[in-house]
Number of protein chains: 2
Amino acid sequence: MAAVDSYRLRYGVGGAFEPPAVWSEVLAQQLAHRSVRSYRPDPVPDDTLTALIAAAQSAPTSGNLQLWSVVAVRDAGRRTRLAKLAGEQDFIAQAPLFLVWLADLARARHITTELGSGTAEAADFVEAALLAFVDVALAAQNASLAAESFGLGTVFVGAIRNHPLDVAAELQLPPNVFPVFGLTVGQPDQLGETSVKPRLPQEAVLHHERYELPPQEPHLRTYEETLDAFYAEAGLPSGWTARVATRFGTIAGLKGREHLREALRVSGFELR
Amino acid sequence: MAAVDSYRLRYGVGGAFEPPAVWSEVLAQQLAHRSVRSYRPDPVPDDTLTALIAAAQSAPTSGNLQLWSVVAVRDAGRRTRLAKLAGEQDFIAQAPLFLVWLADLARARHITTELGSGTAEAADFVEAALLAFVDVALAAQNASLAAESFGLGTVFVGAIRNHPLDVAAELQLPPNVFPVFGLTVGQPDQLGETSVKPRLPQEAVLHHERYELPPQEPHLRTYEETLDAFYAEAGLPSGWTARVATRFGTIAGLKGREHLREALRVSGFELR
């Protein structure tokens, strides 16, 4: 696909985006990202998994602390149980590989208490959890993009946080290890049926020198139209802003994740 | 560079890593990642910035909520002030572009209260903050990799969290917008002097079906040796586990970030 078309798909036909004259194979792969929720049963080979984890480990990690781990789930029974825990999303059972990405303070706590004074008090703070959340996201994004570069499809699954303690039990996670999100990986089925989803105009997310909320307003309205055109083509109900409001307007929008703080505390993440 | 050499640099000469027979341009770029903390003054052109933000926006975002924004800082005075706030790290003032990545619940709160019942109560929960932290990290990793694919160097800067409220004031952030990390971008100076840093053996971070801590032990010892060889070559003091223990052993290791929870609360992130 021509560069200009890749950019235009990303911002939608309704947007007034002016594609820049900058290009690379990496950017082409990134712009072409789409979520895949329908998979063929072909297994993901061991060599491919090794390459995905090498990609993940090549991402930056704060202070080289490497505060994450990942569980590769291939067992069909376990995938089915995890699919059930994550909002009955059948594609988790269908995909041959489900990677569960973990914020891992257990390894660092172990190292610290073995070498140090017997405590790891800094690990109780929000900062430690945030380091791990950011580290694991950087890593997983590299893995996802690498998978796409091999012709595989992926989708991130935040719904493992609906019942995080049950997920932790299923994966036998010790204290100080927490499941942040999942990632399904596999050969895409019906490739032609998934589309690149348009994003907000750059003017709504990119600020120069200082942040401003009011100038975002017209761009939010433009986006509502752009996305409504996209939804109409996909046969989906319209209304991006309505979806956002549904997620944040009431506690019910959290779908059980209002208990996340308590689940983190029980798992050793004090968030002091 | 041959694929096998790229993998081997990533895991270090001391590791027993067996490179897989899987390859792509994207993976090559990822494996070659190194932090760049020395920059030439050449500005980053507008077209390049547009491409970096398009890469960032192409990353997955939970429920298409897009809970992040970014401030592009080019002003020399502002970069100098931010460098001072972020642990006196001069390369922030030196790099022509400093991107400050923001967890942004202000846009979603605005949409929700305008459209809904006037409240956005779900945004007070840890889950909302976590969505934003993960979203912004996925986006920034895409931008960083795209920058590297254009021949630019980058490094993530977590130290903006040493004084997050001062950073917020500098960027005029409204409530419900929080600076998570920075990213310097520019033409690398002395390219040959930075090296690919070896990571933990895959066996320490990749688990199959269930998580296990004790089997990681021998791989942590291997890594200590691998990294000591790397540090020796770079003329740096040895001891990865000692560095980890220094970070987590005492509150002093947090370098002021023990106040992060309070700074988040003041900024509207209740973390309920």
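The basis for the numbers below is simple: all heavy atoms, side chains too, and nothing from hydrogens, waters or symmetry mates. Every chain is numbered from 1 and lettered A, B, ... according to where its sequence line falls, protein lines coming before strand lines.
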Checking heavy atoms, do the side chain of [X], its backbone, both or neither come under 4.5 Å from chain A?
{"X": "B:Arg79", "value": "neither"}
{"X": "B:Ile53", "value": "both"}
{"X": "B:Phe269", "value": "neither"}
{"X": "B:Leu31", "value": "both"}
{"X": "B:Glu217", "value": "side chain"}
{"X": "B:Gln29", "value": "side chain"}
{"X": "B:Arg261", "value": "both"}
{"X": "B:His110", "value": "side chain"}
{"X": "B:Phe98", "value": "neither"}
{"X": "B:Val155", "value": "neither"}
{"X": "B:Arg257", "value": "both"}
{"X": "B:Leu52", "value": "neither"}
{"X": "B:Thr61", "value": "both"}

Report yes if the side chains of B:Arg34 and A:Ser58 come closer than 4.5 Å at any heavy-atom pair, otherwise no.
no
Just checking, any donor-acceptor pair under 3.5 angstrom between side chains of B:Asn64 and A:Arg243?
no
So, A:Gln216 versus B:Arg107: side-chain donor-acceptor pair below 3.5 Å or not?
yes
Do the side chains of A:Glu209 and B:Arg74 get close enough for a salt bridge, i.e. N-O under 4.0 angstrom?
no
Which heavy atom of A:Ala137 sits nearest a heavy atom of B:Leu138, and at what distance?
O-CD2, 3.3 Å
Taking all atoms of both residues into account, what is the closest heavy-atom pair of B:Tyr11 and A:Ala54, and its distance?
OH-CA, 3.2 Å
Determine the option with the most heavy-atom pairs under 4.5 angstrom with chain B, choosing from A:Arg272, A:Gln202, A:Arg247.
A:Gln202
